[in-house]
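Order of the sequence lines fixes the chain letters, A, B, ..., with proteins taken first and strands second; residue numbering starts at 1 for each chain.
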2 protein chains.
Amino acid sequence: MTDTRNDLLDLAENSIRRRGYHAVSFRELADELGIKSASVHYYFRQKEDLGLALVERYTASFFDTLNENIGNAEDVPTKIEAFCKTYAFALKGSEKICLCGILGAETSGLPSQLSEQVSQFFQANIDWVHNVLATDVNTKAARSMAQSIVAALQGAMMLSVSLNDPQILDSAINTITNDVEVLSQ
Amino acid sequence: MTDTRNDLLDLAENSIRRRGYHAVSFRELADELGIKSASVHYYFRQKEDLGLALVERYTASFFDTLNENIGNAEDVPTKIEAFCKTYAFALKGSEKICLCGILGAETSGLPSQLSEQVSQFFQANIDWVHNVLATDVNTKAARSMAQSIVAALQGAMMLSVSLNDPQILDSAINTITNDVEVLSQ
DNA sequence: AATTCTCTATCTATCGATAGATAGGCTTGA
DNA sequence: TCAAGCCTATCTATCGATAGATAGAGAATT
């Protein structure tokens, strides 16, 4: 993995998380790295390949951070809190929403493989939360709850950025942890 | 207000809600209406003007529908349910998220007036919910709750579309109405 | 006759993508 | 050991397509 390739991924992730897939161009990325746009095609044949690499890396990194945050937590509310914090960490200070959050919003405008990979990220998120909740709650309610939790976090990131108020994500996390405590009693 | 102008607004709203601001072009809109892209500039001098007109119309229409849905409801949970249904109606069957949902996600890539107007839509949403809740709950908690509700709805629309599962929005609405019932007791 | 609407024609800027070249490092086999 | 050949990373130059935007002519409506 070259430095340049990594720099391209970092730069592209940043830009896309702020402005969306279609607002980011190879030329812009190249300019910011002081290379030519043709050289970007050396690393990613098509723009879609860049997008796919981004989501792949993002998903892996998300679940790595999640596992770190979980540590040796045992009870359900603590685990869910760790999940929420993994999201909060992604936003913190950066004014960027989740990569898959913005790509999910653009779904119909993305190459189909890319939107597919984005929905897999969400599915994996929901499955993870569902799995944690299912020890305490019946599976049907747990599934709905898991969906609602991921949805609430994604929406809160977007609102936080649009209203430039990071506290909104904190409020959402409070609501979630309250719900989970009530449910798992 | 010409037919063509209205058709342009309808078409643009549809396309942007599916694919985002930067994925939609004047040429594409013109082609679909059987006119030339130069004619689109007759109605909207710049793309930003189209965006502003869209958000303005969308906001007005949203609060109109909301007022219809409220009817003569009195109690807090019923009003919040009506608010949620106003969102649900926007998604229903169309596989489109909220116009301001996608524009909010793209915030940093939008002309500044446009992103400002989008954040005003959200602020108006939160204020409305806050106002309803404040009769039952102390204002600080009501503010947080209002933010969480709008966030949860926005996130649920995005997830519903990305995972092609409209039931996710229903789950989110269930969670919200539960929270409100508990809170306003 | 004046206003409203759409057109043709065109501009500049940028898009993603490709071809072909080059400089320099690495590998490998005589 | 050293030359031949391949690999990496980048370049220049260009492609066709599309972007948003404009000026001004012509048609349609009132």
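- For D:dC11, one of the phosphate oxygens OP1 or OP2 lies less than 4.0 angstrom from a side-chain nitrogen or oxygen of A:S39.
- The distance from atom CD1 of A:I35 to atom P of D:dT12 is 12 Å, rounded to the nearest whole Å.
- Heavy atoms of B:K36 sit under 4.0 angstrom from at least one base atom.
- Between A:F44 atom CZ and C:dA17 atom P there is a gap of 13 Å when expressed in whole angstrom units.
- Projected onto DNA chain C by closest heavy-atom contact, A:E28 and A:A38 fall at different nucleotides, the more 5' of which corresponds to A:E28.
- The shortest distance between the side-chain N/O atoms of B:Q46 and the OP1/OP2 oxygens of D:dA21 is below 4.0 Å.
- As a whole-Å value, the separation of A:H41 NE2 from D:dA13 P is 18 Å.
- OP1 or OP2 of D:dA19 lies within a sub-4.0 Å distance of a side-chain N or O belonging to B:S25.
- Residue contacts for A:V24: at a heavy-atom cut-off of 4.0 Å it reaches the sugar-phosphate backbone alone, with no base atom in range.
- Salt bridge A:R57/A:D64: absent, no basic N to carboxylate O contact under 4.0 Å.
- Between the side chains of A:E116 and A:Q120, at least one donor-acceptor pair of N or O atoms lies under 3.5 Å.
- We find that CZ of B:R27 is positioned 11 Å from C1' of C:dC11, with the value rounded to whole Å.
- Below 30°, between 30° and 60°, or above 60°: for A:H41 and A:F26 the angle between ring planes is between 30° and 60°, a tilted geometry.
- By the neighbour-count criterion of 12 heavy atoms within 6.0 Å, atom CD of A:E56 is sparsely surrounded, having that number or fewer from other residues, nucleotides or ligands.
- OP1 or OP2 of D:dT10 has at least one side-chain nitrogen or oxygen of A:T4 nearer than 4.0 Å.
- Residue contacts for B:Y42: at a heavy-atom cut-off of 4.0 Å it reaches a base atom on one of the strands shown.
- Atom CZ in B:R5 sits about 11 Å away from atom P in C:dC5, given to the nearest Å.
- With rounding to whole Å, A:L8 atom CG is found 13 Å from C:dG16 atom P.
- Each of A:G34 and B:S37 was assigned the nucleotide of DNA chain D with the nearest heavy atom; the assignment lying further toward the 5' end belongs to A:G34.
- Side-chain to base pairing of A:R45 with C:dA17: no donor and acceptor N or O lie closer than 3.5 Å to each other.
- Between B:L29 atom CG and D:dG20 atom C1' the separation is 12 Å, expressed in whole Å.
- Between A:Y43 and D:dT8, a side-chain N or O to OP1/OP2 separation shorter than 4.0 Å is absent.
- With no hydrogens or angles considered, no side-chain donor-acceptor pair links B:E181 and B:T177 at under 3.5 Å.
- Comparing D:dG20, D:dT22, D:dC11 by their nearest atom to the side chain of B:F26 picks out D:dG20.
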